[in-house]
Amino acid sequence: QVQLAESGGGLVQPGGSLRLTCAASGSDGEIQSMGWHRQAPGKQRERVAGITTGGLTNYADSMKGRATISRDNAKNMIYLQMADLKPEDTAVYYCCYVFTGASLRTYWGQGTQVTVSS
């Protein structure tokens, strides 16, 4: 059983910054990758950033230059530092862990709300 808990969301003004944290408990074997996705009302869920245990990262084009994903393997935590936030960044942000083996197994957190508004 794997449980993920996001924190760090909130209301910020345009141009502000936030750091999201995802704490993972339990394990389902070997981790393939970890990341952050977001979903706004009426929109499809989209990938924001991903990272491997080895530290390889990737970002959505809309976040490049404004977001940094990092991880602490020993603590089973990942982070998303966001800067220069824009109203279009408003969404529920979800943490995701993918475990590998005979098949890929994906776990999601409950999400944390990020609202960017003046």
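The basis for the numbers below is simple: all heavy atoms, side chains too, and nothing from hydrogens, waters or symmetry mates. Residue numbers run from 1 in the order of the sequence given.
The heavy-atom pair separating Ser118 from Pro14 by the smallest distance is N-CD, 3.7 Å. Closest of all the heavy-atom pairs between Gln32 and Leu104 is NE2-CD2, 3.7 Å. Here the shortest heavy-atom pairing between Gln113 and Ala91 reads NE2-O, 3.4 Å. Closest non-hydrogen pair, Leu80 versus Ala67, comes out as CD1-CB, 4.1 Å. Looking at every heavy atom in both residues, Tyr93 comes nearest to Glu6 through O-OE2, 4.0 Å. For Ala49 against Tyr59, the heavy-atom pair with the smallest separation is CB-CD2, 3.7 Å.
Within the model, atoms CG of Asp72 and SG of Cys22 stand 12.5 Å from one another, a figure rounded to the nearest 0.5 Å. Here the straight-line distance linking atom OG1 of Thr115 with atom CG of Leu85 works out to 11.0 Å at 0.5 Å rounding.
Residues passing the side-chain hydrogen bond (donor to acceptor under 3.5 Å, both in side chains) test with Lys75, sequence neighbours excluded: none.
Residues Leu18 and Val92 are members of separate hydrophobic clusters, defined by side-chain heavy-atom contacts under 4.5 angstrom among Ile, Leu, Val, Met, Phe, Trp and Tyr. Residues Tyr79 and Val114 fall into different hydrophobic clusters, defined by Ile, Leu, Val, Met, Phe, Trp and Tyr side chains chained together at heavy-atom separations under 4.5 Å. Cluster membership for Leu4 and Tyr94, using ILVMFWY side-chain heavy atoms within less than 4.5 angstrom, is not shared. Using a 4.5 Å cut-off between side-chain heavy atoms of Ile, Leu, Val, Met, Phe, Trp and Tyr, with links allowed through other members, Ile31 and Val2 fall into the same hydrophobic cluster.
When side chains are defined from C-beta on, Asp89 does not count as touching Met82, because their heavy atoms never get closer than 4.5 Å. Side-chain atoms of Trp36 and Met63, non-hydrogen and from C-beta on, never get closer than 4.5 Å to each other. Within the 4.5 Å cutoff, the side chain of Ser117 has no heavy atoms near those of the Thr90 side chain.
Atom CD of Gln39 has more than 12 heavy atoms from other residues, nucleotides or ligands within 6.0 Å. Around atom CD of Gln110, no more than 12 heavy atoms belonging to other residues, nucleotides or ligands sit under 6.0 Å away. Within a 6.0 Å sphere centred on CZ of Arg45, other residues, nucleotides and ligands contribute more than 12 heavy atoms.
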- Go through Thr53 and Met34 one step at a time and tell me if the side-chain contact (heavy atoms from CB on, under 4.5 Å) criterion holds. CA-CA 8 Å; Thr53 55; Met34 302 151 282; 3.9 Å; yes

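Applying the side-chain hydrogen bond (donor to acceptor under 3.5 Å, both in side chains) definition to pairs two or more places apart or across chains, those involving residues 7-29 are Asp28-Arg105, Asp28-Tyr107. Contacts classified as disulfide bond (SG atoms under 2.5 Å apart) and involving residues 25-55 (residues at least two apart or in different chains) are not found.
Electrostatic pairing of Asp61 and Lys64 counts as a salt bridge here, judged by a charged N lying under 4.0 Å from a carboxylate O.
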